[in-house]
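For reference, the structure discussed in these notes is given below.
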Amino acid sequence: MDSPIRNISDLRGEIYRLKEVQQQQSVAIGQRFRNFSATISTLGTLFPRSITPEGKSTSFFDQDLVGLISRFVLPFALNKTIFRNSGFLVKTLVGLVSQKASHFISEDTVLGLWDKVKTLFEKKQKKSTDISDEKGIPPMSESY
């Protein structure tokens with residue numbers, strides 16, 4: 001609105017101008033949602049991308065499958081187990097913190113943790129007590 005409205009003709013002119021702006025905006029919105037791929041790309045703008053100090057772009061969908069699942073499962077599991085009888089504020093804070101913590105959970109970290117746990121439970125191989133050729137008489141020789 002550039003000039004103030006002083007009389008009825010100014011008001012009618014402003015109404016006409018606003019109807020034209022509405023028509024232009026409805027055409028622009030129609031173009032944004034004209035097909036499925038345009039709709040998906042428009043909805044993708046709802047999840048903003050942030051740029052890391054290394055110059056990489058990160059967004060909600062840049063995580064692997066384990067990271068995406070952990071964004072939903074981690075807050076749910078914490079609120080249903082550890083913070084079961086907590087209040088609304090505590091559960092909200094747990095949800096926010098676990099959402100941030102889910103960025104550190106990826107397929108690589110889960111596989112690394114699984115390998116560490118697996119090595120703890122593996123049985124240590126016994127050292128062989130057989131006498132080798134270098135240390136004396138070989139086992140199963142005729143010299144016994």
Side-chain angles (χ1 to χ4, degrees), residues 1-136 138-141:
M1 187 169 164
D2 296 335
S3 61
I5 298 173
R6 293 199 167 102
N7 54 27
I8 192 74
S9 63
D10 290 344
L11 180 62
R12 287 184 183 142
E14 185 65 22
I15 290 172
Y16 180 73
R17 186 187 71 80
L18 289 175
K19 285 184 179 181
E20 285 180 3
V21 169
Q22 179 187 11
Q23 181 68 23
Q24 291 171 355
Q25 289 176 349
S26 66
V27 168
I29 290 173
Q31 290 294 322
R32 293 285 304 253
F33 293 100
R34 69 182 176 277
N35 58 20
F36 184 72
S37 63
T39 303
I40 295 300
S41 67
T42 301
L43 292 176
T45 60
L46 294 175
F47 302 104
R49 294 182 173 268
S50 60
I51 298 176
T52 60
E54 294 85 27
K56 294 181 181 179
S57 168
T58 62
S59 75
F60 179 78
F61 296 109
D62 286 342
Q63 288 182 320
D64 57 1
L65 185 63
V66 175
L68 286 175
I69 291 172
S70 70
R71 289 181 67 97
F72 301 106
V73 172
L74 188 62
F76 181 75
L78 287 174
N79 284 332
K80 290 294 180 181
T81 56
I82 298 173
F83 299 102
R84 182 179 307 160
N85 295 326
S86 298
F88 173 75
L89 290 176
V90 172
K91 288 188 177 190
T92 304
L93 288 174
V94 167
L96 291 173
V97 170
S98 60
Q99 287 287 323
K100 292 295 182 184
S102 70
H103 289 290
F104 298 108
I105 299 173
S106 68
E107 189 174 346
D108 296 332
T109 57
V110 170
L111 287 176
L113 181 66
W114 177 254
D115 288 339
K116 287 179 183 178
V117 169
K118 192 169 68 172
T119 56
L120 288 175
F121 290 108
E122 285 180 351
K123 293 182 179 178
K124 294 183 180 178
Q125 295 178 356
K126 295 180 180 178
K127 293 184 178 179
S128 98
T129 57
D130 295 336
I131 300 174
S132 65
D133 291 337
E134 299 171 359
K135 295 186 179 178
M140 308 303 282
S141 68

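Given the structure is predicted, the values throughout are model-derived calculations rather than measurements.
Taken from CD in Q22 to CD1 in I15, the straight-line distance is 12.0 Å, to the nearest 0.5 Å. The CZ atom of R12 lies 9.5 Å from the CG atom of N7; values are rounded to the nearest 0.5 Å.
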Solution key, residues 73-91 side-chain donor-acceptor pairs under 3.5 Å, sequence neighbours excluded:
unit_1, atom_1, unit_2, atom_2, d
N79, ND2, P75, O, 3.3
T81, OG1, A77, O, 2.6
R84, NE, K80, O, 3.3
K91, NZ, R84, O, 3.4

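Residues satisfying the side chain to side chain contact (heavy atoms under 4.5 Å, CB included) criterion with I29, sequence neighbours excluded, are F33. In this view, E20 and Y16 satisfy the side chain to side chain donor-acceptor pair (under 3.5 Å) rule, not counting sequence neighbours. Under the side chain to side chain contact (heavy atoms under 4.5 Å, CB included) criterion, L18 pairs with E14, sequence neighbours left out. Remark: D115 engages no residue in a side chain to side chain donor-acceptor pair (under 3.5 Å) (not counting sequence neighbours). Scanning for side chain to side chain contact (heavy atoms under 4.5 Å, CB included) contacts around V27 gives Q23, with sequence neighbours left out.
Panel note: side chain S98, backbone V94; a donor-acceptor pair is recorded below 3.5 Å.
D10 and P4 get closest at one heavy-atom pair: OD2-O, 4.0 Å.
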